[in-house]
Amino acid sequence: MIAEDETAIRATTCAALAREGFRVIAASTCDEALTCLRNRPDGQVLITDVVTPGRADGYERARIASMDFPHVALLITSAQSQPRYGDIVLGAWFLAKPVDLNVLGRVVRECLGASHRKHIDFHDRFSATGGEEGYRTPE
(Lines give C-alpha, C1' and ligand atoms only; values in the text may rest on other atoms or scores of the structure.)
Protein backbone atom coordinates (compact mmCIF):
# COMPACT_ATOMS: atom_id res chain seq x y z
CA MET A 1 0.00 0.00 0.00
CA ILE A 2 1.45 3.34 -1.05
CA ALA A 3 0.11 6.64 0.26
CA GLU A 4 1.56 9.42 -1.89
CA ASP A 5 -0.21 12.65 -2.83
CA GLU A 6 2.04 13.48 -5.80
CA THR A 7 0.61 11.64 -8.80
CA ALA A 8 3.87 11.24 -10.74
CA ILE A 9 5.78 9.92 -7.72
CA ARG A 10 2.93 7.55 -6.84
CA ALA A 11 2.77 6.16 -10.40
CA THR A 12 6.55 5.76 -10.71
CA THR A 13 6.83 4.09 -7.31
CA CYS A 14 3.95 1.72 -8.03
CA ALA A 15 5.45 0.75 -11.39
CA ALA A 16 8.89 0.13 -9.88
CA LEU A 17 7.50 -2.05 -7.08
CA ALA A 18 5.28 -3.96 -9.53
CA ARG A 19 8.40 -4.70 -11.64
CA GLU A 20 9.98 -6.09 -8.45
CA GLY A 21 7.05 -8.52 -8.16
CA PHE A 22 4.97 -6.70 -5.53
CA ARG A 23 1.21 -6.36 -5.79
CA VAL A 24 0.71 -2.64 -5.17
CA ILE A 25 -2.35 -0.66 -4.11
CA ALA A 26 -2.03 3.10 -4.37
CA ALA A 27 -3.79 5.83 -2.44
CA SER A 28 -3.47 9.59 -2.77
CA THR A 29 -3.75 10.17 0.98
CA CYS A 30 -2.81 8.23 4.08
CA ASP A 31 -6.44 8.29 5.23
CA GLU A 32 -7.43 6.63 1.96
CA ALA A 33 -4.67 4.04 2.48
CA LEU A 34 -5.92 3.29 6.00
CA THR A 35 -9.43 2.79 4.62
CA CYS A 36 -8.04 0.40 2.00
CA LEU A 37 -6.22 -1.56 4.71
CA ARG A 38 -9.46 -1.87 6.66
CA ASN A 39 -11.11 -3.32 3.54
CA ARG A 40 -8.14 -5.49 2.56
CA PRO A 41 -6.77 -7.34 5.58
CA ASP A 42 -4.06 -8.95 3.42
CA GLY A 43 -2.04 -5.70 3.21
CA GLN A 44 1.54 -6.21 4.38
CA VAL A 45 3.37 -2.87 4.01
CA LEU A 46 2.29 0.77 4.19
CA ILE A 47 4.61 3.30 2.56
CA THR A 48 3.77 6.88 3.47
CA ASP A 49 5.35 10.29 3.19
CA VAL A 50 5.83 12.49 6.27
CA VAL A 51 4.12 15.41 4.54
CA THR A 52 0.58 14.32 3.76
CA PRO A 53 -2.67 16.16 3.09
CA GLY A 54 -4.82 16.57 6.18
CA ARG A 55 -4.31 17.56 9.76
CA ALA A 56 -1.98 14.75 10.81
CA ASP A 57 1.45 14.06 9.32
CA GLY A 58 2.80 10.73 8.14
CA TYR A 59 4.29 9.98 11.55
CA GLU A 60 0.87 10.28 13.20
CA ARG A 61 -0.78 8.22 10.47
CA ALA A 62 1.89 5.55 10.98
CA ARG A 63 1.06 5.48 14.70
CA ILE A 64 -2.60 4.93 13.84
CA ALA A 65 -1.70 2.20 11.36
CA SER A 66 0.54 0.43 13.90
CA MET A 67 -2.33 0.29 16.39
CA ASP A 68 -5.04 -0.68 13.91
CA PHE A 69 -2.91 -3.03 11.78
CA PRO A 70 -0.07 -4.44 13.89
CA HIS A 71 0.74 -7.00 11.15
CA VAL A 72 1.51 -4.25 8.58
CA ALA A 73 5.12 -3.13 8.18
CA LEU A 74 5.52 0.65 8.02
CA LEU A 75 7.93 2.56 5.79
CA ILE A 76 7.97 6.34 6.18
CA THR A 77 9.66 8.55 3.59
CA SER A 78 10.51 12.24 3.51
CA ALA A 79 12.43 14.78 1.48
CA GLN A 80 11.80 17.43 4.13
CA SER A 81 13.63 16.28 7.22
CA GLN A 82 15.25 13.43 9.05
CA PRO A 83 13.15 12.10 11.92
CA ARG A 84 13.92 13.05 15.49
CA TYR A 85 13.89 10.56 18.31
CA GLY A 86 10.28 9.74 19.07
CA ASP A 87 8.92 10.74 15.64
CA ILE A 88 8.79 7.22 14.29
CA VAL A 89 6.50 4.60 15.75
CA LEU A 90 8.25 1.53 17.15
CA GLY A 91 9.17 -0.92 14.43
CA ALA A 92 8.70 1.48 11.52
CA TRP A 93 11.34 2.13 8.90
CA PHE A 94 12.47 5.48 7.47
CA LEU A 95 13.90 6.23 4.04
CA ALA A 96 15.00 9.70 2.92
CA LYS A 97 13.89 11.01 -0.48
CA PRO A 98 14.80 11.03 -3.25
CA VAL A 99 14.62 7.27 -3.16
CA ASP A 100 16.55 5.12 -5.60
CA LEU A 101 13.78 2.80 -6.83
CA ASN A 102 16.13 -0.21 -6.75
CA VAL A 103 16.84 0.53 -3.11
CA LEU A 104 13.12 0.89 -2.37
CA GLY A 105 12.44 -2.68 -3.52
CA ARG A 106 15.20 -3.98 -1.27
CA VAL A 107 13.97 -1.98 1.72
CA VAL A 108 10.40 -3.19 1.22
CA ARG A 109 11.68 -6.77 1.18
CA GLU A 110 13.60 -6.09 4.41
CA CYS A 111 10.45 -4.60 5.96
CA LEU A 112 8.52 -7.72 5.03
CA GLY A 113 11.28 -9.95 6.39
CA ALA A 114 11.43 -8.29 9.79
CA SER A 115 10.06 -10.83 12.22
CA HIS A 116 8.73 -8.39 14.80
CA ARG A 117 8.72 -4.70 15.68
CA LYS A 118 11.56 -3.30 17.75
CA HIS A 119 12.73 0.13 18.84
CA ILE A 120 14.31 2.09 16.06
CA ASP A 121 18.01 2.60 16.60
CA PHE A 122 19.25 5.89 15.24
CA HIS A 123 22.85 4.64 15.39
CA ASP A 124 22.10 1.66 13.17
CA ARG A 125 22.04 3.35 9.74
CA PHE A 126 22.54 2.09 6.28
CA SER A 127 23.49 4.13 3.26
CA ALA A 128 22.15 3.37 -0.16
CA THR A 129 23.35 4.42 -3.56
CA GLY A 130 22.41 7.91 -4.59
CA GLY A 131 22.94 9.36 -1.11
CA GLU A 132 19.76 8.09 0.52
CA GLU A 133 20.00 7.39 4.20
CA GLY A 134 17.60 5.16 5.99
CA TYR A 135 17.02 3.82 9.43
CA ARG A 136 16.04 0.28 10.17
CA THR A 137 14.95 -1.72 13.12
CA PRO A 138 17.85 -3.65 14.62
CA GLU A 139 17.82 -7.40 14.10
Side-chain angles (χ1 to χ4, degrees):
M1 172 63 57
I2 297 173
E4 173 59 59
D5 61 319
E6 293 187 40
T7 305
I9 294 173
R10 186 173 59 246
T12 302
T13 304
C14 287
L17 289 173
R19 280 192 304 275
E20 291 279 329
F22 294 105
R23 188 169 40 109
V24 183
I25 299 170
S28 59
T29 68
C30 203
D31 288 335
E32 183 183 332
L34 294 175
T35 299
C36 287
L37 285 172
R38 284 183 186 87
N39 295 327
R40 296 190 62 118
D42 60 336
Q44 296 179 345
V45 177
L46 172 61
I47 303 170
T48 185
D49 196 352
V50 170
V51 178
T52 61
R55 292 182 300 194
D57 64 17
Y59 295 132
E60 182 57 30
R61 298 289 189 230
R63 281 190 223 7
I64 293 167
S66 73
M67 290 184 288
D68 291 352
F69 312 103
H71 66 284
V72 173
L74 303 168
L75 175 58
I76 302 167
T77 65
S78 180
Q80 304 297 320
S81 63
Q82 296 289 320
R84 297 178 312 259
Y85 183 79
D87 281 345
I88 297 182
V89 67
L90 300 179
W93 295 56
F94 179 83
L95 192 59
K97 288 182 177 180
V99 175
D100 178 316
L101 295 176
N102 296 314
V103 171
L104 180 63
R106 187 183 79 218
V107 171
V108 169
R109 278 191 179 74
E110 289 181 27
C111 288
L112 288 168
S115 59
H116 57 282
R117 301 181 191 281
K118 295 182 181 179
H119 288 275
I120 193 152
D121 180 358
F122 282 82
H123 303 290
D124 190 9
R125 296 182 178 202
F126 65 90
S127 275
T129 60
E132 292 88 0
E133 269 200 15
Y135 301 98
R136 67 178 178 83
T137 53
E139 301 294 341

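Here the structure is a predicted model, which means the values were calculated and not measured.
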I25 reachable from I64 in the ILVMFWY side-chain graph, under 4.5 Å edges: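 Same hydrophobic cluster.
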Rounded to the nearest 0.5 Å, what separation is found between the [atom1] atom of [X] and the [atom2] atom of [Y]?
X   : Y   : atom1 : atom2 : value
D49 : T29 : CG    : OG1   : 12.5 Å
H71 : L37 : NE2   : CG    : 7.0 Å
I9  : I2  : CD1   : CD1   : 11.0 Å

Check: R38 side chain, L34 main-chain N or O, donor-acceptor pair, under 3.5 Å: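 Between the backbone of L34 and the side chain of R38 there is a qualifying donor-acceptor contact (under 3.5 Å).
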Do [X] and [Y] have side chains that get closer than 4.5 Å, going by heavy atoms?
X    : Y   : result
I47  : L17 : yes
F69  : L74 : no
R109 : E20 : yes
V24  : T13 : no

Looking only at heavy atoms, which two atoms of [X] and [Y] are closest? And how far apart?
X   : Y   : result
T77 : F94 : C-CE1, 4.3 Å
S78 : V50 : CB-CG2, 3.5 Å
P83 : I88 : CG-CD1, 3.6 Å
C30 : A3  : CA-CB, 3.7 Å
G86 : R63 : O-NH2, 3.7 Å
M1  : C36 : CE-CB, 3.2 Å

side-chain contact (heavy atoms from CB on, under 4.5 Å) between D57 and D87, intermediate numbers included: CA-CA 10 Å; D57 64 17; D87 281 345; over 6 Å; no
With sequence neighbours excluded, residues passing side chain to side chain contact (heavy atoms under 4.5 Å, CB included) with Q44: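 Here the qualifying residues are L112.
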Note: K97-E6 ion pair, threshold 4.0 Å (strictly below):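 So K97 does not pair with E6 through a salt bridge.
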